[in-house]
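One-based numbering, in listed order, for ligands and for the atoms of each.
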Amino acid sequence: VKEGYPSFMDKEIHDQPKAVADTLLGRTSPTGALVLDELRIEESVLRAVDKIIVVACGTAAYSGHVAKYAIEHWCRIPVEVELAHEFRYRDPIVNPRTLVVAISQSGETMDTLMAVRHAREQGAHVLAIVNTHGSTLPREADAVLYTHAGPEVAVASTKAFLAQITACYLLGLYLAQLRGTKFPEELRDALAELQSIPDKVAEVLSREEEVRAEARAMHEATSVLFLGRHVGYPVALEGALKLKEIAYIHAEGFAAGELKHGPIALVEPGQPVFIIVPSPRGRDVLHQKVVSNIQEVRARGARTLVIAEEGDEAVVPYADVIFRVPQTSTLLSPLVAVVPLQIFASELATAKGLDVDQPRNLAKSVTVE
Ligand code: F6R
């Protein structure tokens, strides 16, 4: 049931505060430590892990990109993120000290399943992050960390993405706790901030009409670009994917630093460009760099649509449109920053008269190779 929403996608976008909250639920002890009882991989094995490889496809792979920044920061373990179908057909370096994290909403994506088999044959330990109970992937893995997003019906993934990112943060914080790579206070603060995310997502949703109005006004766009740095980069990729999938608009996400290495040649007067801005309260350089990127595309005539934190005034002179999100540390910001992009895609597809839930040529789960 769509519960009064015009599409399942819209309903699922609105389910997101709950998807994040439910994924966090029951995973902390009264003392504030993380408990992941379901992680049936021995602690000694997890302590010895010297490399993590995330394998997944599509949106799930973008959640893995976000995980890389968080896990490397908290745990100091190198993290690679690889599309499952690429991983399978090369000769990856995997051994018993490698933790392969397979992320999937459906748990049935054939390429991801095959990647997991390949990794296990070579002795890697495999942890699955899965949304669908009773699916195949958890049976193929050594352990499973479920996301609790509830059933996702729309082909375009939304709430599963937020839940996957949340589960990845939990995994990162848990490994850091186990391996003692960060002060307990830092981990506790990060966890406390994570607990505040559902309310922040709800706040973004309460302002959805601003995004929808903009999307309707842009229903004739033929190309949209998305730029981000650091964790904003996978958010840019996801924003572009949503628009391709359901609105059939040519859309590209770029790492903002790549602009001058090629993509800036695409910018002509009127080109819409979304820019995902990191928190100005975090690392100054990162924020400044993104602000200069907005300036660069604006100087070439781009129409800049900026996703920026509440109170970030530095973006104002260069933004044609600003979508505000609540203050959030950069590392956790994808959970709030991606929401306006989901709403934008959904509304633009609707304005074009398209079937938001059942885009052409796509299936909810890709069970063939
Ligand atoms: C994007 C989308 C796809 C899936 C991908 C992986 O909106 O739905 O890109 O994310 O096919 O699917 P799962 O997560 O089921 O393995």
request  = May I ask you to identify the nearest protein heavy atom to atom 3 (C) of ligand 1, giving residue, atom name and distance to one decimal place in Å?
outcome  = T59 N, 4.1 Å

task = Please indicate whether any nitrogen or oxygen in K242 is less than 3.5 Å from any nitrogen or oxygen in ligand 1.
result = yes

ask   = Looking at G58, which atoms of ligand 1 are within less than 4.0 Å of one of its heavy atoms?
value = 9 (O)

remark   = Among non-hydrogen protein atoms, atom 11 (O) of ligand 1 lies closest to V366 CG2, 4.3 Å

query = What do you reckon, are the aromatic ring centroids of F344 and F274 less than 6.0 Å apart?
reply = yes

task = Please report which non-hydrogen protein atom sits nearest to atom 8 (O) of ligand 1, along with the residue it belongs to and the distance in Å to one decimal place.
result = V155 O, 3.1 Å

ask   = Which residue and non-hydrogen atom of the protein lie closest to atom 15 (O) of ligand 1, and at what distance in Å?
value = S106 OG, 2.6 Å

inquiry  = I'd like to know whether K159 forms a salt bridge (charged side-chain N to carboxylate O under 4.0 Å, His left out) with D15, so could you lay out the CA-CA distance, the side-chain angles of the two residues, the decisive distance to 0.1 Å, and finally the verdict.
reply    = CA-CA 7 Å; K159 63 176 178 174; D15 283 345; 3.1 Å; yes

query = Of all the non-hydrogen atoms in the protein, which one sits nearest to atom 14 (O) of ligand 1, and at what distance?
reply = Q105 N, 2.6 Å

query = Would S365 count as a contact of ligand 1 if the rule is a heavy atom under 4.0 Å away?
reply = no

message = Using a 4.0 Å cut-off to any heavy atom of A60, which atoms of ligand 1 qualify?
response = 10 (O), 14 (O)

ask   = Between E43 and R47, does at least one N-O distance fall below 4.0 Å, as a salt bridge requires?
value = yes

query = Does the pair E245/R360 count as a salt bridge with the N-to-O cut at 4.0 Å?
reply = no

inquiry  = Any carboxylate oxygen within less than 4.0 angstrom of a Lys/Arg side-chain nitrogen, looking at E309 and R324?
reply    = no

key: For atom 7 (O) of ligand 1, the option (of E108, K364, E245) bearing the nearest heavy atom   = E245

query = Does the pair R207/E214 count as a salt bridge with the N-to-O cut at 4.0 Å?
reply = no

request  = List every atom of ligand 1 that sits less than 4.0 Å from any heavy atom of A156, numbering the atoms from 1 in the order shown and giving each element.
outcome  = 7 (O)

query = Between E238 and K242, is a salt bridge (charged side-chain N to carboxylate O under 4.0 Å, His left out) present by the stated rule, with each step listed?
reply = CA-CA 6 Å; E238 173 65 2; K242 289 288 93 94; 2.6 Å; yes

key: Test log, rule salt bridge (charged side-chain N to carboxylate O under 4.0 Å, His left out), inputs R90 and E82   = CA-CA 11 Å; R90 64 181 178 96; E82 189 148 15; 2.4 Å; yes

remark   = Residue, atom and distance of the protein heavy atom nearest atom 12 (O) of ligand 1 read T109 OG1, 3.5 Å

message = Can you report which non-hydrogen protein atom sits closest to atom 6 (C) of ligand 1, along with the distance?
response = C57 O, 3.3 Å

task = Using a strict cut-off of less than 4.0 Å between a Lys/Arg side-chain nitrogen and an Asp/Glu carboxylate oxygen, indicate whether R212 and D10 qualify as a salt bridge.
result = yes

